[in-house]
There are 4 protein chains.
Amino acid sequence: MNVHSAGDRPIATPPPNDKRRRILDAAVQVFAQHGFFHARVTDIAREAGVADGTIYLYFKNKDDLLISLFEDRMEGIIAAFRAELSRLEGAAERLDKFVEMHLGMVEREPQLAEVLTVELRQSSKFMREYKAPRFQEYLDILAEIFELGRRTGEFRPDLEPRILKRIVFGALDEVSLVWSSTRRDKYALADAAREIRNLCVRGLMASAAHETAQQGDRP
Amino acid sequence: MNVHSAGDRPIATPPPNDKRRRILDAAVQVFAQHGFFHARVTDIAREAGVADGTIYLYFKNKDDLLISLFEDRMEGIIAAFRAELSRLEGAAERLDKFVEMHLGMVEREPQLAEVLTVELRQSSKFMREYKAPRFQEYLDILAEIFELGRRTGEFRPDLEPRILKRIVFGALDEVSLVWSSTRRDKYALADAAREIRNLCVRGLMASAAHETAQQGDRP
Amino acid sequence: MNVHSAGDRPIATPPPNDKRRRILDAAVQVFAQHGFFHARVTDIAREAGVADGTIYLYFKNKDDLLISLFEDRMEGIIAAFRAELSRLEGAAERLDKFVEMHLGMVEREPQLAEVLTVELRQSSKFMREYKAPRFQEYLDILAEIFELGRRTGEFRPDLEPRILKRIVFGALDEVSLVWSSTRRDKYALADAAREIRNLCVRGLMASAAHETAQQGDRP
Amino acid sequence: MNVHSAGDRPIATPPPNDKRRRILDAAVQVFAQHGFFHARVTDIAREAGVADGTIYLYFKNKDDLLISLFEDRMEGIIAAFRAELSRLEGAAERLDKFVEMHLGMVEREPQLAEVLTVELRQSSKFMREYKAPRFQEYLDILAEIFELGRRTGEFRPDLEPRILKRIVFGALDEVSLVWSSTRRDKYALADAAREIRNLCVRGLMASAAHETAQQGDRP
DNA sequence: CATGAATGAGCATTCATTCAT
DNA sequence: CATGAATGAATGCTCATTCAT
């Protein structure tokens with residue numbers, strides 16, 4: 001990302017926190033491949049090209065490594081999402097973009113997606129205290145979209161952003177999980193995106209039926 | 001369930017497969033409390049009131065215990081769902097019922113719900129081969145509802161049951177997870193049910209906006 | 001062996017101690033196949049066609065089963081050896097016969113031979129107290145042959161039966177072990193018998209060399 | 001052995017592979033005392049003054065520890081034997097030396113002898129694949145002696161080194177086993193050595209009988 | 001800062017033995 | 001006598017974490 005700054009200093013100077021980054025990158029790979037519990041710290045160290053002990057210079061313990069990984073990656077993702085969304089006006093447009101970006105990320109970095117998705121869940125079991133603030137923030141982007149839509153009258157006034165953010169995230173998450181675990185052979189993520197968008201915009205009911213559905217389509 | 005028949009036989013008759021059932025019940029508790037990985041076989045044994053070794057008379061190993069638990073419970077759930085749903089006509093009604101039953105189960109047996117939901121995911125990480133056939137069957141109930149709706153014209157003709165079943169399940173699952181992990185203080189599951197139903201029936205858009213939203217917004 | 005007596009009683013009457021014998025037979029098979037330590041009592045029970053617990057009606061424990069097996073089989077062997085040897089006059093003839101019978105037994109019942117040979121050794125490690133009286137008796141048959149030869153002047157007067165019995169048994173045992181573990185492909189037991197006999201009768205030295213070897217070498 | 005060189009270097013220099021050697025030394029003691037199966041890895045660790053886990057840094061598992069122990073010790077023994085034997089001319093002299101060295105080793109290191117002898121046998125039961133190459137090499141030293149004697153005409157031309165090496169090893173082994181397990185009270189190993197030597201040189205037959213049997217050189 | 005050898009707590013699993021039927 | 005389900009003590013091995021260099 002900060003590629004341009006590279007020329008400013010002698011090339012020999014390693015980027016600050018080179019090791020930390022390499023460890024995090026390695027952790028993504030290893031956690032994604034074996035799952036958090038079966039991942040060995042040694043394997044992460046080897047993958048990162050550092051000694052086992054080095055990991056403990058940057059992270060308190062294995063749990064902390066997962067948490068840090070999560071926070072670190074989410075920070076970037078949240079920033080990117082906010083930047084992109086801020087350029088759009090309507091709530092519907094933004095929701096579309098959110099869905100597109102979420103699934104795009106899954107498609108581009110399936111390993112990362114798997115860690116953020118699957119491993120987070122199980123970790124919440126044993127890290128009861130960890131509230132995953134970045135995850136909340138991520139969800140809040142969604143909530144804000146719903147708020148916006150409600151405020152501007154674009155969306156129904158009776159919708160509950162607090163709940164809807166979970167619903168939409170859950171849908172995205174499940175769809176991503178299937179896609180990445182089945183090695184993308186079942187359906188394209190683009191199809192999933194369209195289906196989610198359709199559900200949000202039109203619901204499930206047959207087009208004409210909509211308004212009429214409530215009153216008169218069964219004579 | 002068979003409460004009435006209880007009086008018919010001598011009380012002394014021990015329930016068939018008493019031990020197996022007690023172990024499974026104990027496993028639900030212990031897995032839910034500590035998570036699969038942190039759950040100790042010894043704890044399950046103690047909770048079940050049997051010796052450690054007894055567990056291995058009924059299950060191949062700890063993994064098999066989780067899988068068996070999953071299959072066993074899902075079987076009952078699937079049967080109950082099918083029975084209930086078969087009494088309803090419309091796809092929309094059935095979908096409503098499905099949502100209601102899923103969340104009702106979560107509310108009644110949060111521990112079981114957590115195991116079926118959270119632990120299954122992580123287990124799929126390390127039990128790559130386990131395809132969770134009962135879970136597929138459960139999802140298929142959803143898919144069948146969408147098929148039905150599409151066929152009868154009740155639902156949009158362009159919806160994809162294969163994807164939608166994942167979307168709706170993901171939504172239900174996420175909503176359940178939050179509810180059970182936050183100890184129900186955020187919102188009632190009934191609210192979540194209503195929100196999901198609304199999303200399915202009406203989508204997100206403001207009532208009038210619908211058709212117009214697509215064309216009218218961009219003159 | 002006692003086949004003739006079978007007709008004397010109703011066929012239905014099972015031979016006394018039928019179970020005990022079946023268990024011992026099974027133990028030979030299972031011990032030979034897996035070794036004493038890796039042999040499971042359950043496997044012996046299955047092979048014998050009895051329940052696990054039944055074994056403990058006839059034997060104190062797994063160790064006792066091995067010991068009993070040993071005593072039981074050795075008893076028969078010793079009796080047979082004594083009977084056969086008593087019909088021969090000379091010590092050399094008897095030694096020949098002993099070698100022939102020992103290796104013959106190995107050839108006919110390799111499984112039994114393996115248990116008596118290999119498993120006994122390791123058991124002596126952990127059953128420090130067990131003196132294997134039948135084994136001593138077996139060795140004594142050999143010692144008696146040497147005694148006889150010494151007394152009659154057939155053998156050298158300076159030989160030590162106490163030690164020679166071990167030497168000859170060790171030779172037989174090792175040769176048997178190799179033969180049975182290599183699945184008889186290296187050499188025939190008959191060759192080994194001849195070699196042992198030659199060693200005893202002629203020693204290793206070239207025929208003429210004998211006396212001269214002792215004096216002529218050191219002038 | 002390298003006692004003199006001790007003064008040459010700073011005492012602080014730790015022997016290379018200190019831990020590995022200590023573990024092997026400890027294993028000899030513990031295996032000899034309890035037998036392979038009853039020996040606990042924990043006990044070996046304590047005896048070696050290392051942690052349990054340390055053993056697994058040097059050896060794959062308990063089996064591998066036994067095998068490594070065997071290979072390691074045999075290597076030294078084989079080298080020492082070859083060195084010593086190469087200084088002797090005749091086959092008979094070499095055979096004498098072999099017997100002397102084998103029993104000398106048993107006398108000096110009874111624990112090691114017991115492990116190499118007893119535990120190897122039982123291990124071959126469960127480590128079917130392990131061919132004990134060093135043991136073969138050890139036996140081959142014997143075979144070579146017989147070959148030499150046969151070639152030079154010192155020994156009978158009809159002897160079979162392949163079989164005789166087993167016979168002599170078996171004799172030595174059995175004699176050693178008894179000596180070490182009876183805590184040397186029965187006979188001195190020197191007696192056993194003499195007895196084996198006599199058997200090889202003169203056979204068992206009374207002197208007169210001997211030559212007369214063949215030709216009659218004693219009036 | 002970095003290393004990686006050493007640590008040792010922790011746990012799933014086995015299997016000889018028992019005993020209620 | 002016979003059964004075989006149940007027991008629970010016993011142990012090999014793993015791997016997160018430390019710390020001397």
Side-chain angles (χ1 to χ4, degrees), chain A residues 14 17-20 23 36-46 48-65, chain B residues 14 17-20 22-23 37-46 48-65, chain C residues 14 17-20 23 36-46 48-65, chain D residues 14 17-20 22-23 37-46 48-65:
Chain A
N17 268 336
D18 177 36
K19 291 253 168 71
R20 188 186 142 93
I23 292 169
F36 177 76
F37 277 97
H38 283 157
R40 268 161 294 170
V41 172
T42 287
D43 289 343
I44 297 174
R46 185 184 308 124
V50 301
D52 293 19
T54 304
I55 289 181
Y56 291 85
L57 295 176
Y58 294 95
F59 306 96
K60 200 146 49 71
N61 52 38
K62 196 183 172 190
D63 285 9
D64 183 49
L65 178 52
Chain B
N17 260 334
D18 181 31
K19 292 259 166 63
R20 188 186 143 94
R22 267 159 56 203
I23 292 169
F37 280 99
H38 281 157
R40 268 162 297 169
V41 172
T42 289
D43 289 343
I44 298 174
R46 186 183 307 124
V50 301
D52 291 20
T54 305
I55 290 180
Y56 292 87
L57 293 178
Y58 294 95
F59 305 96
K60 207 148 40 75
N61 50 37
K62 198 183 169 191
D63 284 9
D64 183 48
L65 178 52
Chain C
N17 269 334
D18 177 36
K19 290 254 168 71
R20 187 186 142 92
I23 291 168
F36 177 76
F37 277 97
H38 282 157
R40 268 162 294 171
V41 173
T42 287
D43 289 343
I44 297 174
R46 186 183 308 123
V50 302
D52 292 19
T54 304
I55 289 181
Y56 291 85
L57 295 175
Y58 293 95
F59 305 96
K60 200 144 51 69
N61 51 37
K62 196 184 172 189
D63 284 10
D64 184 49
L65 178 52
Chain D
N17 259 336
D18 181 31
K19 291 259 166 64
R20 187 186 143 94
R22 268 159 57 203
I23 293 168
F37 280 100
H38 282 157
R40 269 163 295 167
V41 172
T42 289
D43 289 343
I44 297 174
R46 187 183 307 123
V50 301
D52 291 22
T54 305
I55 290 181
Y56 293 88
L57 293 178
Y58 294 95
F59 306 97
K60 206 147 41 76
N61 52 37
K62 198 184 169 190
D63 284 9
D64 183 49
L65 177 52

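Keep in mind that what you see is a predicted model, and the values were worked out from it rather than measured. Numbers restart at 1 for each chain; the letters A, B, ... are given by sequence-line order, proteins then strands.
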Practice item. Report yes or no: does K62(A) contribute a side-chain atom to a donor-acceptor pair with the main-chain N or O of F36(A) at less than 3.5 Å? Key: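 Yes, because the side chain of K62(A) sits within donor-acceptor range (under 3.5 Å) of the backbone of F36(A).
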
Can you check the [X] [atom1] to [N] [atom2] distance for me, whole Å?
| X | N | atom1 | atom2 | result |
| --- | --- | --- | --- | --- |
| I44(C) | dG4(F) | CD1 | C1' | 16 Å |
| F59(C) | dA2(F) | CZ | C1' | 15 Å |
| D43(D) | dG12(F) | CG | P | 9 Å |
| K19(D) | dG4(E) | NZ | C1' | 12 Å |
| D64(D) | dG12(F) | CG | P | 15 Å |
| R22(D) | dA5(E) | CZ | P | 16 Å |
| D18(B) | dA5(F) | CG | P | 15 Å |

Review point. Parallel, tilted or perpendicular for H38(D) and F37(C), by the 30°/60° rule?
Key: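 Answer is perpendicular, since the angle exceeds 60°.
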
Check your understanding: How far apart are the closest heavy atoms of I23(A) and I44(A), and which atoms are they?
Key ->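 Closest approach of I23(A) to I44(A): O-CG2, 3.9 Å.
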
Point to revise | Minimal non-hydrogen separation, F59(D) against D64(D), with atom names | key: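 It is CA-OD2, 3.4 Å.
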
Study note, to complete from the structure: Under a 4.0 Å heavy-atom criterion, the protein footprint on nucleotides 15-21 of chain E, written with B, S and -, is SSBB---

Check your understanding: Nearest of dC1(E), dT7(E), dA5(F) to any side-chain atom of A51(D)?
Key ->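 My answer, after comparing the listed nucleotides, is dT7(E).
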
Check your understanding: For Y58(A), which contact category applies under a 4.0 Å heavy-atom criterion: base, sugar-phosphate, or nothing?
Key ->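 Sugar-phosphate, no base atom in range.
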
Practice item. Can you sort out the partners of R46(B) under side-chain contact (heavy atoms from CB on, under 4.5 Å), two or more places apart, ordered by chain and number? Key: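 By the side-chain contact (heavy atoms from CB on, under 4.5 Å) rule, R46(B) matches T42(B), D43(B).
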
Exercise for review: Please map the stems of DNA chain E, keeping only stretches of three or more Watson-Crick or G-U wobble pairs with both distances under 3.5 angstrom.
Suggested key: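 In DNA chain E, stems of three or more pairs: E:2-21 with F:2-21.
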
Review point. CD1 of I55(D) to CZ of R22(D): how many Å apart, nearest 0.5 Å?
Key: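 That separation rounds to 11.0 Å.
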
